[in-house]
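Notes to accompany the following structure.
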Amino acid sequence: MDFKIKTECRSTNARTGLITTDHGQIETPIFMPVGTVGSVKAVHMRELRDDIKAQIILGNTYHLYLRPGLDILKQAGGLHKFGGWTKPILTDSGGYQVFSLTDRRKITEEGVTFRSHIDGSKHLFTPERVMDIERVIGADIIMAFDECCPGDADYSYAAKSLKLTESWLDRCVKRIKETEPLYGYGQSLFPIVQGCVYPDLRKRAAENVASIGADGNAIGGLAVGEPTEKMYEMVELTNEILPKDKPRYLMGVGTPVNLLEGIARGVDMFDCIMPTRNGRNGQLFTRNGTINIKNTKWAKELTPIDPEGATWVDREYTLGYLHHLIKTQEILGLQIASIHNLGFYLSLMQEAREHIAAGTFGPWKDEMIYRLDKRL
């Protein structure tokens with residue numbers, strides 16, 4: 001994998017760049033739609049590629065390991081071929097999903113023993129095992145196995161958690177060096193900076209991750225219950241340490257405002273389930289604020305969903321029709337809302353890149369945040 005910085009903002013730490021992988025290029029800053037089980041919910045791959053303009057999508061190691069399982073993924077030649085997606089893919093290590101099973105897992109130095117949320121079967125994830133699984137899935141960018149520390153953890157727990165994450169990272173790196181990709185193209189391992197909301201732990205974690213010399217680096221364990229301003233503080237601290245010539249990925253974040261604030265602090269890559277999950281629950285993101293399409297006020301509104309929208313659904317369907325679909329729980333409503341939201345997120349990233357390149361990102365960001373915070 002290769003990363004080149006193209007332009008930098010003078011008033012903030014925002015920058016544009018270009019990531020090159022064996023499955024294509026990714027313009028940064030970028031938002032990555034989440035396809036947990038090999039599918040972005042309610043959205044076809046063709047819509048992702050042609051309408052939403054997604055450049056890279058995510059898969060999740062935990063879920064793909066359980067279903068469809070490694071045998072079928074290997075037989076298919078990896079997730080790209082199995083799901084019909086020809087552009088880059090990133091896989092999370094499944095650490096967040098495993099650790100969310102608080103009553104179904106046990107953490108030791110060796111790894112995590114857990115019971116499947118599907119059938120209760122028992123499994124063991126070690127750093128080595130997770131790297132092997134991510135080799136089989138075959139994503140272009142694969143994440144190290146870490147413990148995702150809760151945002152409200154006390155210092156003692158956070159310190160122990162970070163020590164475990166650092167030990168596991170060493171084993172992940174060793175395993176990747178001992179093995180080869182399975183399908184004839186490269187894979188890049190991204191370490192993850194943890195440390196909860198404690199500056200000294202984040203600093204230690206970032207310095208350790210920077211010393212690895214990986215193709216890119218991730219910031220994890222944020223947007224998990226801590227105050228938003230604390231999240232921004234940890235991002236700033238971390239990005240002062242992580243190498244500037246490598247892409248920085250803020251995991252699981254977030255709202256459109258979070259994305260712009262992250263870009264201003266030097267983040268290059270984002271992912272979050274929010275545009276699809278919130279869309280399925282009736283929330284639409286627009287450049288003029290958010291819409292709760294379930295509200296009765298939209299029932300008789302026969303204007304297009306979003307005249308300034310990035311996708312065809314914004315012009316083909318009306319707010320009143322989408323209100324009707326969502327209220328009656330029609331599948332088409334979930335699809336339209338998901339396509340709209342993902343299209344908005346990706347177009348927001350494109351607009352951010354254009355303003356960074358033009359030298360106008362700072363004032364544009366401030367104006368957009370004011371508009372995005374409104375409820376329509």
Side-chain angles (χ1 to χ4, degrees), residues 60-63 65 92-117 122-131 143-175 189-212 214 217-242 248-254 258 262 265 267 270-273:
N60 182 265
T61 296
Y62 167 82
H63 288 283
Y65 162 78
D92 188 358
S93 67
Y96 177 82
Q97 285 71 30
V98 168
F99 297 115
S100 68
L101 302 171
T102 52
D103 59 341
R104 291 171 171 260
R105 48 84 169 157
K106 180 180 180 181
I107 305 171
T108 66
E109 178 67 32
E110 181 187 12
V112 182
T113 303
F114 64 93
R115 291 194 176 276
S116 164
H117 71 286
K122 191 175 181 180
H123 305 270
L124 173 64
F125 270 12
T126 65
E128 295 81 7
R129 179 62 170 151
V130 170
M131 293 301 95
M143 306 307 298
F145 191 52
D146 64 332
E147 181 182 2
C148 186
C149 183
D152 59 355
D154 61 32
Y155 186 89
S156 176
Y157 183 97
K160 292 177 182 177
S161 174
L162 177 57
K163 183 178 180 181
L164 190 62
T165 288
E166 290 177 333
S167 171
W168 287 355
L169 174 57
D170 290 341
R171 291 163 59 187
C172 287
V173 171
K174 183 174 184 291
R175 188 64 168 186
L189 175 68
F190 278 27
I192 303 172
V193 176
Q194 290 287 351
C196 197
V197 295
Y198 302 104
D200 62 321
L201 297 182
R202 283 281 171 182
K203 182 174 183 292
R204 180 184 114 192
E207 289 172 345
N208 180 60
V209 162
S211 72
I212 299 294
N217 301 294
I219 306 169
L222 295 175
V224 287
E226 80 285 353
T228 302
E229 288 308 315
K230 183 61 70 172
M231 174 178 72
Y232 296 150
E233 178 189 336
M234 294 300 102
V235 170
E236 287 180 12
L237 184 156
T238 302
N239 279 346
E240 287 174 0
I241 298 168
L242 292 180
R248 301 156 173 161
Y249 164 32
L250 180 56
M251 304 179 73
V253 177
N258 292 156
R265 290 163 171 81
V267 175
F270 303 87
D271 81 285
C272 190
I273 62 172

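Computed over heavy atoms, backbone and side chain alike; hydrogens, waters and symmetry mates excluded.
Side-chain contact between W168 and V130 is absent, with no heavy-atom pair separated by less than 4.5 Å. No side-chain heavy atom of R202 sits under 4.5 Å from any side-chain heavy atom of E236. The side-chain heavy atoms of P191 and N217, taken from C-beta on, include a pair separated by under 4.5 Å. Here the side chains of M143 and I192 are in contact, with some heavy-atom distance below 4.5 Å. Contact check for E233 versus P199: side-chain heavy atoms found under the 4.5 Å cut-off. Looking only at side-chain heavy atoms (C-beta outward), L169 and D146 stay at 4.5 Å or farther from each other. Using a 4.5 Å heavy-atom cutoff, the side chains of T238 and R248 are not in contact. The closest side-chain heavy-atom distance from R129 to L124 is not below 4.5 Å.
For Y65, the ring pair (Phe, Tyr, Trp, His ring centres under 6.0 Å) partners at least two apart in sequence or on another chain are H123, F125. Looking at residues two or more places apart in sequence or on another chain, you find a ring pair (Phe, Tyr, Trp, His ring centres under 6.0 Å) between Y155 and Y198.
Rounding to the nearest 0.5 angstrom, the gap separating the OG atom in S211 from the CD1 atom in I241 is 11.5 Å. Between atom OH of residue Y232 and atom CG of residue L222 there is a gap of 11.0 Å, rounded to the nearest 0.5 Å. Going from atom SG of C272 over to atom CE of M251 covers 12.0 Å, rounded to the nearest 0.5 Å. Atom CG in N239 sits 10.0 Å away from atom CZ in R265 (nearest 0.5 Å). Here E226 contributes atom CD and C149 contributes atom SG; the two are 10.5 Å apart, rounded to the nearest 0.5 Å. Here CG of N208 is found 6.5 Å from CG of D170. Values are rounded to the nearest 0.5 Å.
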* Show your reasoning for whether side chain to side chain contact (heavy atoms under 4.5 Å, CB included) applies to R175 and R171. => CA-CA 6 Å; R175 188 64 168 186; R171 291 163 59 187; over 6 Å; no
* Passes side chain to side chain contact (heavy atoms under 4.5 Å, CB included), M234 versus V193? Steps please. -> CA-CA 10 Å; M234 294 300 102; V193 176; over 6 Å; no
* **Worked verdict on T108 versus T113 for side chain to side chain contact (heavy atoms under 4.5 Å, CB included)** => CA-CA 8 Å; T108 66; T113 303; 5.9 Å; no
* Carefully, step by step, assess E166 and K163 under the rule salt bridge (Lys or Arg N to Asp or Glu O under 4.0 Å). => CA-CA 5 Å; E166 290 177 333; K163 183 178 180 181; over 6 Å; no
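When atom types are taken as modelled, the side chain of T165 and the backbone of E147 share a donor-acceptor pair closer than 3.5 angstrom.
Taking each heavy atom of V253 and F270 in turn, the nearest pair found is O-CB, 3.4 Å. When all heavy atoms of C148 and V224 are compared, the pair lying nearest together is SG-CG1, 4.3 Å.
Checked for salt-bridge contact, R204 and E207 miss the test: no charged N lies under 4.0 Å from a carboxylate O.
Donor-acceptor pairing under 3.5 Å is lacking for the side chains of Y62 and D92.
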